[in-house]
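Report on the structure given below.
In what follows, every chain begins at residue 1, and chains take the letters A, B, ... in the order their sequences are listed. Since the model is a prediction, treat every value here as computed from it, not as a measurement.
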Protein chains: 2
Amino acid sequence: MPAKALRPPMRDAIVDAAIDTFARNPGASLSDVAKRAGVGRASLHRHFPSRGDLVTAISRQCMDEIDAATAAALADARSARDRLSRMMEAVVPLGDRYHFLATEAFHDESLQARYEEDLAWVARLVDALKAEGVIAPDVPRSWAVANIDTQVWLAWSEVAAGRLAPAHAADLALRTLLEGLGR
Amino acid sequence: MPAKALRPPMRDAIVDAAIDTFARNPGASLSDVAKRAGVGRASLHRHFPSRGDLVTAISRQCMDEIDAATAAALADARSARDRLSRMMEAVVPLGDRYHFLATEAFHDESLQARYEEDLAWVARLVDALKAEGVIAPDVPRSWAVANIDTQVWLAWSEVAAGRLAPAHAADLALRTLLEGLGR
DNA sequence: ACCGAATGATATATTTATGTATCAAATTGG
DNA sequence: CCAATTTGATACATAAATATATCATTCGGT
């Protein structure tokens with residue numbers, strides 16, 4: 001009877017379109033975003049007075065989605081390797097979100113802090129993977145972290161380009177990380 | 001006595017500065033480029049009437065440098081694996097150039113064709129690596145190509161950030177491609 | 001020292017993106 | 001069906017980047 005949010009508000013459509021647009025072209029104009037969202041530019045400004053407001057909203061949304069997806073995926077992981085595997089599977093479909101955060105310079109202080117927490121989480125995951133012998137000890141931590149980021153984005157790109165199925169892409173990304181392309 | 005080109009012309013300084021600037025921020029303004037090159041913005045417009053002219057000049061320069069570096073490095077390579085290894089070592093120091101080309105949409109037709117040739121070269125290299133058993137047969141060609149591109153850029157980034165020495169970065173990139181981070 | 005070319009600084013015009021205001025039309029909720 | 005809100009279209013203002021033109025100064029070659 002309450003029937004809250006029966007119709008997803010225009011705000012969400014704009015945010016989705018903006019993520020999509022900015023992932024492909026970080027310098028895209030607000031007209032581009034409005035066009036992709038199928039709304040007038042004026043309406044966009046009603047929901048997000050300035051470009052910065054939109055970017056902040058996007059950032060928060062991306063973090064929310066990624067945090068939620070990983071939290072669910074990691075619920076009953078039993079090892080670091082398991083956590084990596086589940087994380088990749090969960091995050092690859094959100095690769096555009098992930099990439100947006102990775103290339104965005106945050107103006108909002110709380111978002112900045114939250115993002116750095118996520119980075120630190122990956123760094124700790126890498127350490128745990130080393131402790132389990134999954135990642136070699138002589139691989140620099142920064143190299144491993146950068147590669148995890150990259151493989152997620154790469155996998156998403158291949159899916160978005162229609163060259164790979166989501167599950168296959170995530171599998172290839174994980175395999176490339178842990179065993180390379182060899183054999 | 002001819003003493004041609006004793007002092008590198010300002011044109012080269014601008015191109016170098018532009019590559020550097022655009023690699024870090026694709027949306028940088030011409031003022032940024034001029035500042036980094038240490039020249040006036042008016043002088044920049046004398047050598048490159050429009051932004052497009054500058055971008056085209058950069059693209060050509062990047063391709064020239066990369067083609068020259070790889071041609072030299074591949075002179076006496078005896079296997080596909082050898083070609084990959086030498087190519088990576090040669091190209092990682094030019095990673096900013098490489099990445100610029102990979103993210104640039106060419107307006108010039110001849111540059112577009114030349115770039116696609118380079119892409120096709122990498123694709124053939126991947127096929128040869130498969131034939132040698134260096135790359136597994138079930139790895140999609142597009143995945144391998146994308147990973148080679150990415151590892152070059154990643155290695156350069158780590159070098160540029162001062163986290164890795166050039167030789168170490170190229171080695172890690174090659175190893176990550178062929179064996180992953182594992183063991 | 002002189003001359004010509006190239007440069008930097010400055011001014012100005014043009015374009016593009018951004019942001020604001022207004023209003024008629026459409027959609028929603030009652 | 002009606003009223004209130006929301007939307008899209010339009011017009012307008014502002015800011016930033018781009019592009020062009022001018023001129024005094026500097027630099028290199030002679």
Can you find a side-chain donor-acceptor pair between A:T70 and A:W121 that sits under 3.5 Å? no

Could you state the CZ-C1' distance from A:R41 to D:dG8, rounded to the nearest angstrom? 12 Å

Given D:dG8, D:dA11, D:dT20, identify the nucleotide with an atom nearest to the side chain of A:V39. D:dG8

Given B:R11 and B:F48, is the side-chain contact (heavy atoms from CB on, under 4.5 Å) satisfied, shown in steps? CA-CA 9 Å; B:R11 187 193 152 92; B:F48 308 97; 3.5 Å; yes

Please report the distance, rounded to the nearest Å, between CG in B:D53 and P in D:dA19. 8 Å

Would you kindly give the NZ-to-P distance between A:K35 and C:dT16, to the nearest whole Å? 12 Å

Could you tell me whether the side chain of A:R46 has a donor or acceptor atom within less than 3.5 Å of a complementary atom in the base of C:dG19? no

Taken to the nearest whole Å, CZ/B:F48 to C1'/D:dT20 is 18 Å

Check every atom of D:dT20, C:dA17, D:dA19 against the side chain of B:S50 and return the nucleotide holding the closest atom. D:dA19

B:H45 NE2 to D:dA21 P, straight-line distance once rounded to whole Å: 12 Å

Of the listed nucleotides C:dA21, C:dA9, C:dG19, the one nearest the side chain of B:A42: C:dA9

Is the phosphate of D:dT7 approached by A:H47 (side-chain N or O, under 4.0 Å from OP1 or OP2)? yes

Atom CZ of B:R81 with >12 non-hydrogen neighbours under 6.0 angstrom: no

Mind checking if A:R51 touches a base, just sugar-phosphate, or nothing, with heavy atoms under 4.0 Å? sugar-phosphate

Look at B:R97 together with B:D16 and state whether they make a salt bridge at an N to O cut-off of under 4.0 Å. yes

Go through D:dG8, C:dG8, D:dT18 for me and flag the one nearest to the B:M10 side chain. C:dG8

Whole angstroms only, please: what is the CG-C1' distance between B:L44 and C:dA9? 15 Å

Salt bridge check, A:D118 against A:R114: does any charged N sit closer than 4.0 Å to a carboxylate O? no

Assuming nearest nucleotide by heavy-atom distance, tell me which of B:S43 and A:G52 is located more 5' along DNA chain C. B:S43

Which part of the nucleic acid, if any, lies within contact of A:G27, taking any heavy atom under 4.0 Å across all strands shown: a base, the sugar-phosphate backbone alone, or nothing? nothing

